Amino acid sequence: IDPFVMSFYHTLSQIPGIAIAIYLIDKIGRRSLVAIGCAIMSATLCLLSRIAHNNSAERTTSETMLILAFANLNTIGLCLGWLGLDCLCVESFPTKIRSTGSSVCK
C-alpha cells in the first residue's frame, strides 16, 4: 500500500476521534477522557509492537491493513487524550485569569 494513502487514512481518523471526544467530554468528564485516551494509546501501541516485531520486508495486505487499523485507533486515542487534557488544563484556572491570559495571547 502506498505510504501516502496510509498517511491519508491515518489523518482522516482524527475526525471520528474529535467527534467522539466532543460527545464524551461532558458525559464522562475530562479526567476520565484523558485516562481512556491514554489506555487506548497504550494498548494499540503494545499491539502494534507485537505485529511489527516480525520485521519482514514482505508484509501481506492483511498485516498492512491491521497495522493501519491499529494506527488509526491510536490516533483516536490520541485525540481523546489530548482534547480532554486541553479542556482540563484550561478549566483549572479561574475565569478572570483565563480571560486575561486569552486577551494577552491574542
Side-chain angles (χ1 to χ4, degrees):
I1 293 182
D2 184 23
F4 295 111
V5 172
M6 287 185 73
S7 177
F8 173 74
Y9 286 128
H10 188 249
T11 305
L12 196 63
S13 68
Q14 291 178 2
I15 295 170
I18 292 170
I20 293 168
I22 289 170
Y23 177 75
L24 290 177
I25 201 157
D26 288 327
K27 299 236 185 254
I28 64 171
R30 281 94 169 120
R31 289 182 183 166
S32 299
L33 194 64
V34 171
I36 290 170
C38 289
I40 290 172
M41 286 187 291
S42 299
T44 54
L45 289 176
C46 286
L47 291 170
L48 274 171
S49 68
R50 296 294 292 164
I51 295 169
H53 179 67
N54 108 16
N55 196 8
S56 67
E58 297 178 11
R59 293 204 187 277
T60 63
T61 306
S62 62
E63 284 179 331
T64 305
M65 292 309 231
L66 192 60
I67 289 172
L68 180 61
F70 282 129
N72 290 346
L73 191 58
N74 183 50
T75 301
I76 290 172
L78 184 77
C79 288
L80 293 176
W82 277 108
L83 292 175
L85 187 63
D86 286 343
C87 286
L88 190 63
C89 290
V90 169
E91 292 175 353
S92 63
F93 295 103
T95 306
K96 186 174 181 177
I97 294 175
R98 279 189 284 181
S99 60
T100 304
S102 178
S103 56
V104 167
C105 290
K106 290 181 182 179

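Small disclaimer: the values here were computed from a predicted structure and weren't measured. Here, residue 1 is the first one in the sequence, and each next residue gets the next number.
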Could you tell me the separation between the CG atom of N72 and the CD1 atom of I67, rounded to the nearest 0.5 Å?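 Taking CG in N72 and CD1 in I67, the distance rounds to 12.0 Å.
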
Drop me the distance from S49's OG to F70's CZ, to the nearest 0.5 angstrom.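 Here the rounded value is 10.5 Å.
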
Shortest non-hydrogen contact between C79 and G17, atoms and distance: CB-C, 3.8 Å

Could you tabulate the donor-acceptor pairs under 3.5 Å formed by side-chain atoms of residues 37-45, not counting sequence neighbours?
| from | atom 1 | to | atom 2 | distance (Å) |
| --- | --- | --- | --- | --- |
| S42 | OG | C38 | O | 2.9 |
| T44 | OG1 | I40 | O | 2.9 |
| T44 | OG1 | M41 | O | 3.1 |
| T44 | OG1 | N74 | OD1 | 3.3 |

Joint cluster assignment, [X] & [Y], ILVMFWY side-chain distance < 4.5 Å:
X: F4; Y: L68; value: no
X: I25; Y: W82; value: no
X: L85; Y: L80; value: no
X: L66; Y: L48; value: yes
X: L78; Y: V34; value: yes

Report, one line per pair, each donor and acceptor closer than 3.5 Å where one atom sits in a side chain of residues 6-13; sequence neighbours left out.
| from | atom 1 | to | atom 2 | distance (Å) |
| --- | --- | --- | --- | --- |
| H10 | NE2 | A71 | O | 3.3 |
| H10 | NE2 | T75 | OG1 | 2.7 |
| T11 | OG1 | S7 | O | 2.8 |
| S13 | OG | H10 | O | 2.6 |

To which residues is L83 joined in a hydrophobic cluster, defined by side-chain heavy-atom contacts under 4.5 Å among Ile, Leu, Val, Met, Phe, Trp and Tyr, whether direct or through other members?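 Listed partners: I18, I22.
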
